[in-house]
2 protein chains.
Amino acid sequence: MLDRLSDKWVTLILAALGSGGGSHQPGADCSGEPRSMRYSQLLRLLVGVSQKMLTQTLRSLERDGLITRTATPTVPVTVAYELTDLGLSLHEMMRGLKTWAEEHMDDVLANRETHDTRVA
Amino acid sequence: MLDRLSDKWVTLILAALGSGGGSHQPGADCSGEPRSMRYSQLLRLLVGVSQKMLTQTLRSLERDGLITRTATPTVPVTVAYELTDLGLSLHEMMRGLKTWAEEHMDDVLANRETHDTRVA
DNA sequence: CTGTATCCACTGCGATACTG
DNA sequence: CAGTATCGCAGTGGATACAG
């Protein structure tokens, strides 16, 4: 469980889906947006993720009921991923962490510098 | 940064230090407790951690200014680890996550079961 | 007691190639 | 487009032994 929550890609996918990808047309009404994203969108957005990890992580999140996978049988196939309520609530938690990270990143970096020079 | 925050042992050490180890004498006054813990205490408390990982994690946390290391030159040496204010604030964040995990663990497990049987 | 140093097994992950 | 399958390596972490 802890392993799942503290997975790098889990965190990033949640963030991506929760913050709603930039897939909207200019001027479109995004209120109440379900914030769904395509497979390829995620692949592009999460720079550095391999197909393997993306698929793997997506599957585990679906299994855990944090996201839904919806395939519409167009040609070629279209697949949309979306946060469930559960996933959304987790995302809210994560946002708190993210905020903390952004606020205190400087402190941490400063501490590292101090610590390192004291050693060197 | 993300990697650091989403490290298993980081999370657990923070939890251990933040929740104050059970190192108190019965009836001792624990209010305003600095919640410090010894190396060996952590080693015992965090079941499954190797000396290597404990030391490594402790060092990185110290470097980031999240914990302090205090060695008192008794014989044998006594070393106490303690959360800094920064570390404490992170711990608070983590508690939120922990709470979420405890509240929704059941849902996740249920979803897994449903999902698995549907596949099988 | 509180570490450091070394070795090594394991596996997680990336890269690549292929399919519906 | 949205995956699955396979291979191979690198880095992570465990076990062990040693030291201040």
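- How far NE2 of B/H104 is from OG1 of B/T99: 10.0 Å, rounded to the nearest 0.5 Å.
- The shortest side-chain heavy-atom distance between B/L83 and B/R35 does not fall under the 4.5 Å cut-off.
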Base-contact (B) and sugar-phosphate-only (S) positions in nucleotides 13-20 of chain D, heavy-atom cut-off under 4.0 Å, - elsewhere: BBB-B---

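- Contact check, A/Y39 against D/dT4: no side-chain N or O comes under 4.0 Å of OP1 or OP2.
- One interatomic measurement links the two molecules: CG of A/L54 to P of D/dA2, which rounds to 10 Å at whole-angstrom precision.
- The side chain of B/T55 lies closest to C/dT4, out of D/dC1, C/dT4, D/dG3.
- Residues that satisfy the side chain to side chain donor-acceptor pair (under 3.5 Å) test with A/S89, not counting sequence neighbours, are B/W100.
- Evaluation of the salt bridge (Lys or Arg N to Asp or Glu O under 4.0 Å) test over residues 86-95 of chain A, restricted to residues two or more places apart or in two chains, returns A/E92-A/R95.
- From A/L88, atom CG reaches atom CD1 of A/I67 across 13.0 Å, with rounding to the nearest 0.5 Å.
- Taking atom CG on B/L42 and atom P on C/dG3, their separation rounds to 10 Å, with Å as the unit.
- A sub-4.0 Å separation between OP1 or OP2 of C/dC1 and a side-chain N or O of B/T78 is absent.
- OP1 or OP2 of C/dG3 sits under 4.0 Å from a side-chain N or O of B/R59.
- Side chains of B/L86 and A/N111 form a contact here, defined as non-hydrogen atoms less than 4.5 Å apart.
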Would B/L12 and A/L2 count as a side chain to side chain contact (heavy atoms under 4.5 Å, CB included) here? Give the steps. CA-CA 10 Å; B/L12 291 177; A/L2 211 198; 3.9 Å; yes

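- Distances shorter than 4.0 Å separate some side-chain N or O of A/R38 from OP1 or OP2 on D/dA2.
- Applying the side chain to side chain donor-acceptor pair (under 3.5 Å) definition to pairs two or more places apart or across chains, those involving residues 47-59 of chain B are B/Y39-B/T55.
- Distance, B/Y81 OH to C/dT2 C1': 8 Å, rounded to whole Å.
- Distance A/E62 CD to D/dA2 C1': 14 Å, rounded to the nearest Å.
- Rounded to whole angstrom, the span from the CG atom of B/D3 across to the P atom of D/dG11 amounts to 14 Å.
- Going from atom CZ of B/R4 over to atom P of D/dT12 covers 12 Å, rounded to whole Å.
- Evaluation of the side chain to side chain donor-acceptor pair (under 3.5 Å) test over residues 62-74 of chain B, restricted to residues two or more places apart or in two chains, returns A/R112-B/D64, A/D116-B/R63, B/R4-B/D64, B/R69-B/Y81, B/T74-B/T78.
- If you measure from atom CG of B/L58 to atom C1' of C/dG3, you get 11 Å, rounded to the nearest angstrom.
- Rounded to 10 degrees, the angle separating the terminal axes of the helix from C/dC1-D/dG20 to C/dG20-D/dC1 is 50°, with each axis obtained from five end pairs.
- As a whole-Å value, the separation of B/R69 CZ from C/dT2 C1' is 8 Å.
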